[in-house]
Amino acid sequence: MDPATAAVALKAGSAIGGAFASRSQGIQEQKNANLNAFIGRTRALQTDTAARQSLSSELASARNAFAANGDNPSVGTFGILNEIRTAGDRNRRIAVGNEKSAANDYTQAGINARAKGQRGFVSGLAKAGPSLFQIASLAGA
C-alpha cells in the first residue's frame, strides 16, 4: 500500500472510529440517565411514604392534644384536623411531583444523549465516505 492510500485509509478509519465512539458514548450516557431516573422515581415513592407517615403522626398528635384537653370530637376539631390533612396532602403532592419531574428530566436527558450519539455515528460514517471512495479510486488506479 502506497503512502497516499495509507493516509486516506487512516483518515477513513479515524472517522469510523469516531463514529463508533460517539454511538457508544450516547448509549452510556443514556444508561446513566436511566439509572438516575430510576433513583428519582424511587425517591418519589420514598417521599410519598414519608409524607403520609408524617401526616398520620401529626393528625394523631393533634387528636391526642384534643383528648388531653378534654375536647370532645366536634365540628370544630374535625375542621382543624381536616385543614391539617389538606395542607399535608398538598405538601406531599408537591414534593412527590418535584421528584417525579426530576426523574422525567433524567429520562429526557437520556433520550437526548442517545440521539446525539446516533447523530455522531451517522456523521462519522458520512465523514468516512469520501475517504473510502478515494481508497477505491486509488486501488483501482
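Only this structure's heavy atoms are used, side chains among them; waters, hydrogens and symmetry mates stay out.
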Check: Sequence neighbours excluded, which residues qualify as ring pair (Phe, Tyr, Trp, His ring centres under 6.0 Å) partners of Phe66?
Finding: none
Notebook entry, point to check: What residues, two or more places apart in sequence or in another chain, satisfy ring pair (Phe, Tyr, Trp, His ring centres under 6.0 Å) together with Phe38?
Noted result: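 With sequence neighbours excluded, Phe38 shows a ring pair (Phe, Tyr, Trp, His ring centres under 6.0 Å) to no residue whatsoever.
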What heavy-atom pair brings [X] and [Y] nearest, and what distance separates the two atoms?
{"X": "Glu58", "Y": "Ile84", "result": "OE1-CG2, 4.0 Å"}
{"X": "Ala113", "Y": "Gln30", "result": "CB-N, 4.3 Å"}
{"X": "Gly124", "Y": "Ala19", "result": "CA-CB, 3.7 Å"}
{"X": "Pro73", "Y": "Phe78", "result": "CB-CZ, 3.7 Å"}
{"X": "Ala109", "Y": "Ala33", "result": "C-CB, 4.4 Å"}
{"X": "Ile16", "Y": "Ala128", "result": "CG1-CB, 3.6 Å"}

When you measure from the side chain of [X] to the backbone N and O of [Y], does any donor-acceptor pair fall under 3.5 Å?
{"X": "Asn64", "Y": "Ala60", "value": "yes"}
{"X": "Thr49", "Y": "Leu45", "value": "yes"}
{"X": "Ser22", "Y": "Gly18", "value": "yes"}
{"X": "Ser54", "Y": "Ala50", "value": "no"}

Checklist line | Candidate pair Ile27 and Arg23, rule side chain to side chain contact (heavy atoms under 4.5 Å, CB included), full reasoning | finding: CA-CA 6 Å; Ile27 290 170; Arg23 182 175 173 268; 4.1 Å; yes
Notebook entry, point to check: Does the distance from a Lys or Arg side-chain N to an Asp or Glu carboxylate O, for Arg52 and Asp48, drop under 4.0 Å?
Noted result: yes
Check: When rounded to the nearest 0.5 angstrom, what distance separates CG in Asp89 from CD1 in Ile94?
Finding: 11.0 Å
Checklist line | Linked, directly or transitively: Leu55 and Ile80 (ILVMFWY side chains, under 4.5 Å) | finding: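 Yes.
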Notebook entry, point to check: Counting only heavy atoms not in Tyr106, do more than 12 fall under 6.0 Å of its OH?
Noted result: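 Open: at most 12 neighbouring heavy atoms sit under 6.0 Å from OH of Tyr106.
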Next item on the list: Please say whether more than 12 non-hydrogen atoms of neighbouring residues, nucleotides or ligands are located less than 6.0 Å from CZ in Arg92.
Entry: yes
Notebook entry, point to check: Side-chain donor-acceptor pair under 3.5 Å between Asn104 and Gln108, yes or no?
Noted result: no
